Amino acid sequence: MLQESNCIEFKAELNDKLEKEIGAFLNNKEGGVLYIGVDDNGNPVGMPNIDSMQLKIADRIKNNILPSTLGLFDIVTEEIDKVSVVKILISSGLEKPYYIKKQVMSPNGCFTRVGTSSQPMSTARSDEFYRKQIHNTRIGTE
């Protein structure tokens, strides 16, 4: 039986916390897995229209989280006790901090995993991540 942890999160249905959870996993050093269609006790509840749901999830991740998340997540269907659920595999991002676009880089938009929950990231922590970002810019030579 699955259990929530610092690397695994369950949501019974797709809700407005998707970007918060994805951002927290992108900012987590191990990344994580988000199951949609699984209740808080780890029981599969399933989802209607899984194919269209996967497209909707991918669009929300690509359009609502910055910096770019392309190549950092995969969305698959998994069978748990003969019930189909959505499994989102999230890698730890290289350009931390990741944040919700409409909330900008603030405690309301930057999240991190603490135990089994996603918590607002402190401004000091997000500033620290930002300072460590690798900028691949090149100054032209003559």
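Note that the structure is predicted; figures quoted are calculated from it, not measured.
In this structure, Ser91 contributes its side chain and Gly31 its backbone to no donor-acceptor pair below 3.5 Å. Between the Asn27 side chain and the Tyr98 main chain, a donor and an acceptor come within less than 3.5 Å of each other. Remark: the backbone N or O of Arg125 is paired with a side-chain donor or acceptor of Ser122 at under 3.5 angstrom. Looking only at distances, no side-chain donor or acceptor of Asp74 sits under 3.5 Å from a matching main-chain atom of Leu89.
If you take CG on Leu34 and SG on Cys7, they are separated by 12.5 Å, rounding to the nearest 0.5 Å. Rounding to the nearest 0.5 angstrom, the gap separating the CD1 atom in Ile100 from the CD1 atom in Ile65 is 7.0 Å. A distance of 4.5 Å separates CG of Asn28 from CD of Glu30, quoted to the nearest 0.5 Å. Here the OG1-NZ distance, from Thr112 to Lys96, works out to 9.0 Å after rounding to the nearest 0.5 Å. If you take CZ on Phe25 and NZ on Lys20, they are separated by 11.5 Å, rounding to the nearest 0.5 Å. Taken from CG in Leu26 to OG1 in Thr69, the straight-line distance is 6.5 Å, to the nearest 0.5 Å.
Looking at Asp81 and Asn43, their side chains never come closer than 4.5 Å, going by heavy atoms from C-beta outward. A heavy-atom distance below 4.5 Å is found between the side chains of Phe10 and Leu2. By the 4.5 Å heavy-atom criterion applied to side chains, Thr123 and Ser106 are not counted as neighbours. For the pair Ile90/Ile61, no side-chain contact is recorded, criterion being any heavy-atom separation below 4.5 Å from C-beta on. Here the side chains of Lys56 and Leu14 are in contact, with some heavy-atom distance below 4.5 Å. Between Ile80 and Val38, some side-chain heavy-atom pair lies under the 4.5 Å cut-off. Side-chain contact between Asp51 and Gln54: present, with at least one pair of heavy atoms (C-beta onward) separated by less than 4.5 Å.
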Open item on the list: Test side-chain contact (heavy atoms from CB on, under 4.5 Å) on Asn64 and Ile22; report intermediate values, then the result.
Closed with: CA-CA 10 Å; Asn64 298 338; Ile22 299 294; over 6 Å; no
Open item on the list: One pair to check against side-chain hydrogen bond (donor to acceptor under 3.5 Å, both in side chains): Gln3 and Ser5. What are the steps and the verdict?
Closed with: CA-CA 6 Å; Gln3 287 188 314; Ser5 70; over 6 Å; no
TODO: Report the C-alpha separation of Phe73 and Lys62 in whole Å, then their side-chain angles, then the decisive distance to 0.1 Å, and conclude whether the side-chain contact (heavy atoms from CB on, under 4.5 Å) test is met.
DONE: CA-CA 10 Å; Phe73 69 93; Lys62 288 188 289 188; 4.0 Å; yes
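Remark: Arg113 engages Glu9 in a salt bridge, criterion side-chain N to carboxylate O under 4.0 Å.
Residues Ala58 and Ile75 share a closest heavy-atom pair of N-CD1, 3.6 Å. Across all their heavy atoms, Val85 and Pro44 have their closest contact at CG1-CB, 4.1 Å. In terms of heavy-atom proximity, Ser118 sits nearest to Glu21 at OG-OE1, 2.6 Å. Contact record, Met47 with Val86: SD-CG2, 3.6 Å, taken as the closest heavy-atom pair. Residues Pro97 and Pro67 share a closest heavy-atom pair of O-CD, 3.5 Å. Across all non-hydrogen atoms, the minimal contact from Ser92 to Leu72 is O-CD2, 4.3 Å.
Lys87 is linked by a side chain to side chain donor-acceptor pair (under 3.5 Å) to Glu78, counting only residues two or more places apart in sequence or in another chain.
Taken together through direct or relayed side-chain contacts under 4.5 Å among Ile, Leu, Val, Met, Phe, Trp and Tyr, Ile88 and Leu66 form parts of separate hydrophobic clusters. At a threshold of 4.5 Å between side-chain heavy atoms, the hydrophobic network of Ile, Leu, Val, Met, Phe, Trp and Tyr places Tyr99 and Tyr130 in one connected group.
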